[in-house]
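Report on the following structure.
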Protein chains: 2
Amino acid sequence: MSTNQIFIVDDDDAIRDALGWLFRSRGHVARLWSSAEALIAGGEIGRCGCLLLDIRMDGMSGLELFEWLRENGHDIPVIFLTGHGDVPMAVAALKKGAFDFVEKPFNDNELVDRALAALDIHHQRSSRQAAAREVDERLAQLTSRELEVMERVLAGQMNKVIAMDLGVTMRTVEVHRARIFDKMGVRSAVELAQLLTARTPKPD
Amino acid sequence: MSTNQIFIVDDDDAIRDALGWLFRSRGHVARLWSSAEALIAGGEIGRCGCLLLDIRMDGMSGLELFEWLRENGHDIPVIFLTGHGDVPMAVAALKKGAFDFVEKPFNDNELVDRALAALDIHHQRSSRQAAAREVDERLAQLTSRELEVMERVLAGQMNKVIAMDLGVTMRTVEVHRARIFDKMGVRSAVELAQLLTARTPKPD
DNA sequence: ATCGCGGTTGCGGATATCCACAATGTCCTT
DNA sequence: AAGGACATTGTGGATATCCGCAACCGCGAT
């Protein structure tokens, strides 16, 4: 899968090459970028499974790139690399949602392990996101009237009540209901409820 | 609410007192403990809203106490305090689920802010947990047979199918179904689905 | 042995849901 | 004006669900 790719962004040629060699020598696909700007310009972020990101770089910093990614809907796991990091910086990065924070010089095996762990959670996330997108697409196909009906179906209201509520006939509600099930790809109100309740963005 | 209490565990008398004074002077309820063992022995952890925890202590360390808490079902937010922390330690603590990691000496205002943030998320969690517990209690009231039926109801199966599946009459399934709804405090399969789908422990 | 709980079933009726077939009217686009 | 998407309604029948009333059975506890 292309999303197994490990993207590496570091403006230090030596370190970048060392990282590339490290991962490739172990059979992983690594792609190298010498600056945050280059990565963004490349437009291939979507194909990245996890990102090893140097914090201190000329131009856009690693933290700035990280924030840019989050603002643009990429929530791939990011492992920050830093030669001169301190505790507050690490804490801030992790609290903002970074996956990990590693100091240079790093232990090769440990870094690889962490990157693989990042890939793991990336896969978990991406499958859930794919499902969520799928649901959203289906929801988008519903007409406004159908949404009104669906809302009430999910509230557990009977067709009779919904009909009264919307000022239409039961028959009309039945038709909407059938269309909703059809468009949403479910075969019962229970499945619909599960689909939409699970879809809810996780709090915490 | 008693869960607004801030528990402070530090074996350094001076720091502990300073922390207590800091929070109390700002109108918060702070309770002090001089060791991890004392906190556990006190048996009042449940009343704590967030926990400020020194990492380096004689006897049980802060990290050990943290793990003990997690293993014993307390997922209150913990802010680690440390005088000699390093980046890997901070990263490890946060990845294990600590809420924050602060170095001594700390900035008073900042620490208070972070503690209040911790209280915030504690309240969010606790209300969700209360709901989850409530559901679990109701689930526990179901007989094994009712669980079997419920499982199939949630799978969207019709009574007819469930009956065949379990080798019983439709009437029997109807009875179970009614009891399930009654015990779970819902009035339709849709509500049941929402209740149990939402209950699912958050991944990520 | 008597009692309670849980699982089971039957009967019969009131409701509710699902659906095929058919049709009308509105609004908007081509 | 023709075509299409959408909301709406009707008829009528097949299914499915919901429930009160009544009852039987096995098992463990008193």
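Only this structure's heavy atoms are used, side chains among them; waters, hydrogens and symmetry mates stay out. So you know, we letter chains A, B, ... as the sequences are listed, proteins then strands, and number each from 1.
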*asked:* Do the side chains of B:Asp13 and B:Arg16 get close enough for a salt bridge, i.e. N-O under 4.0 angstrom?
replied: yes
*Candidate nucleotides C:dG10, C:dT17, D:dA7, ranked by approach to the side chain of A:Arg177 - the nearest*: C:dT17
Below 3.5 Å between N/O atoms, which protein atoms pair up with nucleotides 13-16 of chain D? Just atom names and distances, please.
residue, atom, partner, partner atom, Å
D:dA16, OP1, B:Lys160, NZ, 2.9
D:dA16, OP2, B:Lys160, NZ, 2.8

_Rounding to an integer number of Å, can you tell me how far A:Leu192 CG sits from C:dT17 C1'?_
16 Å
*Send over the distance from B:Arg187 CZ to D:dT17 C1', rounded to a whole Å.*
15 Å
*Determine, for nucleotides 23-29 of chain D in 5'-to-3' order, which nucleotides have protein heavy atoms under 4.0 Å from the base (write B), from only the sugar-phosphate (write S), or from neither (write -).*
-------
_A side-chain contact here means heavy atoms from C-beta on lying under 4.5 Å apart; do A:Val9 and A:Leu52 qualify?_
no
*Would you indicate, yes or no, if C:dG6 has its OP1 or OP2 atom less than 4.0 angstrom from a side-chain nitrogen or oxygen of B:His176?*
no
*Given atom CD of A:Glu191 and atom C1' of C:dT17, what is their separation to the nearest angstrom?*
16 Å
*Sort and list the pairs that fulfil ring pair (Phe, Tyr, Trp, His ring centres under 6.0 Å) and have at least one residue in residues 17-48 of chain B, not counting sequence neighbours.*
B:Phe7-B:Trp33
*If you measure from the Lys or Arg side-chain nitrogens to the Asp or Glu carboxylate oxygens, is any gap between B:Arg138 and B:Glu134 under 4.0 Å?*
yes
*When you check the phosphate oxygens OP1 and OP2 of C:dG10, does a side-chain N or O of B:Thr169 lie under 4.0 Å from one of them?*
yes
*asked:* Using side-chain heavy atoms (C-beta onward) and a distance below 4.5 Å, is A:Ile76 in contact with A:Cys48?
replied: yes
_Pairing of B:Asp165 and B:Lys160 as salt bridge, 4.0 angstrom limit_ = no
Atom pairs under 3.5 Å: protein N/O with N/O of nucleotides 19-22 of chain D:
residue, atom, partner, partner atom, Å
D:dC19, N4, B:Glu174, OE1, 2.9
D:dG20, O6, B:Arg171, NE, 2.9
D:dG20, O6, B:Arg171, NH2, 2.5
D:dC21, N4, B:Arg171, NH2, 3.4

*Could you tell me the separation between the CG atom of B:Leu147 and the C1' atom of C:dG7, rounded to a whole number of Å?*
14 Å
*Taking for each residue the nucleotide of DNA chain C bearing the nearest heavy atom, is the 5' side occupied by B:Gln141 or by B:Val168?*
B:Gln141
*Residue pair A:Ile55, A:Leu81: steps toward the side-chain contact (heavy atoms from CB on, under 4.5 Å) verdict*: CA-CA 6 Å; A:Ile55 284 198; A:Leu81 300 177; over 6 Å; no
*Return the nearest nucleotide to the side chain of A:Arg179; candidates are C:dT8, C:dG6, D:dT8.*
D:dT8
*Five pairs at each end of the helix from C:dA1-D:dT30 to C:dT30-D:dA1: take the axis at both ends and give me the angle between them to 10°.*
40°
*Set of residues satisfying ring pair (Phe, Tyr, Trp, His ring centres under 6.0 Å) with respect to B:Phe101, sequence neighbours excluded*: none
Just the atom pairs and distances: protein N or O near nucleotides 26-29 of chain C's N or O, under 3.5 Å.
none

*Applying side-chain contact (heavy atoms from CB on, under 4.5 Å), run through A:Asn4 and A:Val29 and close with a yes or a no.*
CA-CA 7 Å; A:Asn4 265 317; A:Val29 179; over 6 Å; no
*Tell me, with the steps shown, if A:Lys104 and A:Asp12 meet salt bridge (Lys or Arg N to Asp or Glu O under 4.0 Å).*
CA-CA 12 Å; A:Lys104 303 175 190 173; A:Asp12 181 323; 5.9 Å; no
What side-chain donor-acceptor pairs closer than 3.5 Å can you find for residues 186-196 of chain B, not counting sequence neighbours?
residue, atom, partner, partner atom, Å
B:Ser188, OG, B:Val190, N, 3.4
B:Ser188, OG, B:Glu191, N, 3.3
B:Gln194, NE2, A:Leu154, O, 2.9

*Check whether any side-chain N or O of A:Thr172 sits under 4.0 Å from OP1 or OP2 of D:dT9, and answer yes or no.*
yes
*Criterion side chain to side chain contact (heavy atoms under 4.5 Å, CB included) against B:Phe99, the qualifying member of B:Ile121, B:Leu51, B:Leu94, B:Val78*: B:Ile121
_Using the salt bridge (charged side-chain N to carboxylate O under 4.0 Å, His left out) criterion, which residues pair with A:Asp100? Sequence neighbours excluded._
A:Arg114, B:Lys95
Tell me which donor-acceptor pairs under 3.5 Å the side chains of residues 168-181 of chain A have, and how far apart each pair is, sequence neighbours excluded?
residue, atom, partner, partner atom, Å
A:Arg177, NH1, A:Asn159, OD1, 2.5

*Mind checking side-chain hydrogen bond (donor to acceptor under 3.5 Å, both in side chains) for B:Arg70 and listing every partner two or more places apart, or none if nothing turns up?*
none
*Check salt bridge (charged side-chain N to carboxylate O under 4.0 Å, His left out) between B:Arg26 and all other residues, then give those that pass, not counting sequence neighbours.*
none
